[in-house]
Amino acid sequence: MDFNKILIRWFSDNKRDLPWRRTKNPYFVWLSEIILQQTQVKQGLTYYEAFVNQFPSVFDLANATENDVLKLWQGLGYYSRARNLHASAKHIAFNLNGAFPKNYNGLLELKGVGDYTASAIASICYNEPKAVVDGNVYRVLSRYFGVETPINSTKGIKEFKDLATTLIDHNQPGDYNQAVMEFGAIQCKPKNPNCIKCPLNTSCKALKDNIIPNLPVKLKTTKVKTKFFNYLVIKTNTQYTILEKRTKKGIWQNLYQFPLIESEQNIEELFIREHNTLKNIVGKENFDITKYNEKPYIHKLSHQHLHTTFWIIESNINYRDSIHIKNIRKYPTPILIANFIEEFFD
DNA sequence: AAGGCGGGGAT
DNA sequence: ATCCCAGCCTT
């Protein structure tokens with residue numbers, strides 16, 4: 001039997017019952033695909049439910065503020081997805097009168113929609129035979145066909161896309177695409193795949209050659225940078241604090257945080273000297289600063305390790321642009337800040 | 001072509 | 001620790 005027939009059969013027998021598989025409405029499919037970019041189903045599921053619940057249509061999403069969208073996205077990471085999702089919702093609602101692009105090429109014009117997502121939506125919603133190539137597809141195809149081209153090389157990207165295109169089932173492209181991905185997620189896993197009970201184990205090239213653990217081939221990863229974050233957490237006697245919006249490009253764009261002193265080097269010693277000086281100048285009766293966490297929290301991102309110290313500033317000064325602490329949870333923040341807020345306030 | 005962009009889960 | 005996850009965008 002053909003590769004794709006076996007996979008589609010396997011899919012119909014083993015697929016998980018997921019909410020976005022119960023609809024072909026492009027709004028819901030689009031929403032699920034954006035949420036699932038670089039995100040496991042288990043992690044994305046609750047966010048999908050929350051978005052469907054709070055924004056039942058593209059118009060509801062379009063009419064929300066970016067702060068609201070980012071707040072609902074909080075904790076999911078890769079926040080450009082949320083900003084692009086919102087921008088595209090406004091475009092669809094207000095420029096296209098709520099009508100989704102009706103094919104791969106039209107979908108590709110949406111912000112945050114690349115080859116993978118356009119192929120997924122076009123195949124699932126419109127039966128367009130565009131093959132998806134995500135991390136699962138790279139793994140399944142590289143193993144089954146024994147392809148050793150690095151998946152993150154220009155050559156590999158084209159080679160796997162072409163291979164996937166020759167394999168797609170033209171009668172049920174959406175089911176085929178989802179079948180390969182589900183197969184990669186559940187059966188042909190990165191570590192310890194269960195090849196003993198695999199429906200493809202009689203024809204899998206990598207299994208035959210005993211090189212399953214070597215595939216797919218991926219070129220070297222980027223190295224991690226260390227940065228030092230000192231957050232100034234103001235708490236006034238009238239229960240006000242200060243949050244600032246990260247407007248610059250880079251991590252956490254448009255999310256909120258406490259005033260931050262960021263450095264490439266550890267400035268703890270300098271910081272302690274200066275904050276003692278500050279206490280003496282301002283006067284301890286109006287202003288007291290203490291270190292909250294004795295050991296820095298190390299917040300690990302995929303490409304940065306943030307050594308973070310929170311400094312508590314108790315003060316009876318009225319600051320401009322301060323917010324009442326009872327409103328602090330309305331602001332979208334990085335999970336690092338959200339966790340601190342839950343621990344420190346009330 | 002290379003690097004930036006999150007946070008959580010599996011091993 | 002290291003790798004991976006229904007990738008996309010900028011430089």
Side-chain angles (χ1 to χ4, degrees), chain A residues 11 15-16 18 20-21 29-48 70 73-85 87-88 107-121 123-124 130-140 150-158 160-161 164 174 176-186 188-193 213-225 227 246 248-255 298-306 332-339:
Chain A
F11 182 59
K15 67 180 173 187
R16 292 167 287 184
L18 301 171
W20 49 84
R21 290 192 175 144
V29 174
W30 169 61
L31 185 56
S32 73
E33 293 297 347
I34 301 299
I35 287 173
L36 292 174
Q37 287 169 4
Q38 292 292 287
T39 302
Q40 296 190 344
V41 166
K42 184 191 289 184
Q43 189 189 4
L45 193 50
T46 58
Y47 285 85
Y48 176 81
L70 285 170
W73 199 272
Q74 180 177 297
L76 197 53
Y78 285 154
Y79 296 94
S80 66
R81 290 183 292 169
R83 299 191 302 269
N84 288 333
L85 183 80
S88 291
L107 291 161
L108 205 50
E109 293 176 11
L110 299 175
K111 279 187 185 177
V113 174
D115 176 71
Y116 162 78
T117 304
S119 298
I121 300 171
S123 64
I124 293 169
K130 292 286 186 180
V132 297
V133 184
D134 73 334
N136 294 304
V137 177
Y138 281 123
R139 188 167 53 255
V140 172
I151 61 172
N152 54 345
S153 65
T154 303
K155 184 165 179 283
I157 291 169
K158 175 170 169 39
F160 280 97
K161 179 74 179 183
Y176 166 77
N177 276 337
Q178 293 187 77
V180 189
M181 293 191 285
E182 187 81 337
F183 185 77
I186 293 179
C188 195
K189 296 180 294 185
K191 305 288 183 188
N192 307 320
N214 304 341
L215 294 176
V217 175
K218 200 170 181 180
L219 297 176
K220 64 178 189 302
T221 60
T222 63
K223 55 178 180 289
V224 178
K225 276 186 66 175
K227 288 185 180 173
R246 292 182 65 99
K248 289 186 304 210
K249 295 178 65 171
I251 59 167
W252 304 331
Q253 188 182 3
N254 291 4
L255 274 64
I298 303 178
H299 186 69
K300 294 181 177 181
L301 309 179
S302 49
H303 53 294
Q304 291 183 42
H305 287 182
L306 308 178
T333 67
I335 206 65
L336 169 69
I337 302 299
N339 288 341

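Every chain is numbered from 1, with letters handed out A, B, ... down the list of sequences.
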Both Leu219(A) and Ile335(A) contact DNA chain B. Taking the nearest nucleotide for each, which residue is further toward the 5' end?
Leu219(A)
For the residue pair Gln37(A) and Arg81(A), confirm or rule out a side-chain donor-acceptor distance under 3.5 Å.
no
In whole angstrom, give the distance that lies between atom NZ of Lys189(A) and atom C1' of dC3(C).
15 Å
Ignoring backbone atoms, establish whether Lys249(A) has a side-chain N or O less than 4.0 Å from OP1 or OP2 of dT11(C).
yes
Could you tell me how far apart Arg81(A) (CZ) and dC9(C) (P) are, to the nearest whole angstrom?
13 Å
Which nucleotide in the set dC4(C), dC5(B), dG7(B) lies at the smallest distance from any side-chain heavy atom of Tyr78(A)?
dC5(B)
Whole-Å gap separating P (dG7(C)) and CD1 (Ile34(A))
11 Å
Using whole Å, what does the distance between atom P of nucleotide dA1(C) and atom NZ of Lys191(A) come to?
17 Å
Within the structure provided, determine whether Thr333(A) and Trp252(A) are in side-chain contact (heavy-atom separation under 4.5 Å).
no
Please check the phosphate of dG7(B) (OP1 and OP2 only) for any side-chain N or O of His299(A) closer than 4.0 Å.
yes
Kindly indicate whether the side chain of Tyr116(A) and the base of dG7(C) share any N or O donor-acceptor pair separated by less than 3.5 Å?
no
Measure from the side-chain N and O atoms of Ser123(A) to the backbone N and O of Ala120(A), and report whether any donor-acceptor pair falls under 3.5 Å.
yes
For Ser153(A) and for Ile251(A), find the nucleotide of DNA chain B with the closest heavy atom, then tell me which residue's nucleotide is more 5'.
Ser153(A)
Starting from P on dT2(C), measure out to CG on Leu301(A) and report it in whole angstrom.
16 Å
With a 4.5 Å cut-off on side-chain heavy atoms, are Phe160(A) and Pro216(A) touching?
no
Has Arg83(A) got a side-chain N or O lying under 4.0 Å from the OP1 or OP2 atom of dC9(C)?
no
Between dT10(C) and dG7(B) - C1' atom distance, rounded Å:
22 Å
Could you give the NZ-to-P distance, from Lys42(A) to dG7(B), as a whole number of Å?
19 Å
What is the separation between atom CD on Gln37(A) and atom P on dC5(B), rounded to the nearest whole Å?
17 Å
Round to the nearest Å and state the distance from Ile298(A) atom CD1 to dA1(C) atom P.
9 Å
Base, sugar-phosphate, or nothing for Asp115(A), non-hydrogen atoms under 4.0 angstrom?
sugar-phosphate
Under 4.0 Å between any heavy atoms, over every strand shown, what does Trp73(A) touch: base, sugar-phosphate, or nothing? Just pick one.
nothing
Taking Tyr138(A) for the side chain and Pro150(A) for the main chain, is one N or O donor matched with an acceptor at less than 3.5 Å?
no
Rounded distance in Å between the C1' positions of dG9(B) and dC8(C):
23 Å
The side chain of Pro334(A) is closest to which nucleotide in this list: dG6(B), dA6(C), dG7(B)?
dG7(B)
Answer whether the closest heavy-atom distance between the side chains of Ile335(A) and His299(A) falls below 4.5 Å.
yes
Base, sugar-phosphate, or nothing for Val137(A), non-hydrogen atoms under 4.0 angstrom?
nothing
When the C1' atoms of dG3(B) and dA6(C) are compared, how many Å lie between them, rounded to an integer?
23 Å
May I ask you to verify whether the side chain of Arg21(A) and the base of dA6(C) hold a donor-acceptor pair under 3.5 Å?
yes
Using the C1' atoms only, state how far dC9(C) lies from dG8(B), rounded to an integer number of Å.
23 Å
At 4.0 Å (heavy atoms only), tell me whether Gly184(A) reaches a base, stays on the sugar-phosphate, or touches nothing.
nothing
Which residue lies more 5' along DNA chain C, comparing Lys300(A) with Leu108(A) via nearest heavy atoms:
Lys300(A)
Using a cut-off of less than 4.0 Å, is there contact between a side-chain N or O of Tyr138(A) and OP1 or OP2 of dG7(C)?
no
When we call it a touch if two heavy atoms are under 4.0 Å apart, what does Ser80(A) touch: a base, just sugar-phosphate, or nothing?
nothing
Other residues, nucleotides, ligands: >12 heavy atoms within 6.0 Å of Lys111(A) NZ:
no
Does Gln304(A) place a side-chain N or O at less than 4.0 Å from the phosphate oxygens OP1/OP2 of dC5(B)?
yes
Check: Thr117(A) side chain, dG7(C) base, donor-acceptor under 3.5 Å:
no
So, Arg83(A) side chain and Gln253(A) main chain: donor-acceptor pair closer than 3.5 Å or not?
yes
At under 4.0 Å between heavy atoms, what does Ile35(A) touch on the DNA or RNA strands: base, sugar-phosphate, or nothing?
nothing
Among dG6(B), dA6(C), dC5(B), find the nucleotide with the atom closest to the side chain of His303(A).
dC5(B)
Take atom P in dC5(B) and the same atom in dA1(C), then report the distance between them in whole Å.
22 Å
Using only side-chain N and O atoms of Gln38(A), determine if any of them is under 4.0 Å from OP1 or OP2 of dG7(C).
yes
Starting at the 5' end of DNA chain C, which residue's closest nucleotide do you reach first, Val113(A) or Asn136(A)?
Asn136(A)
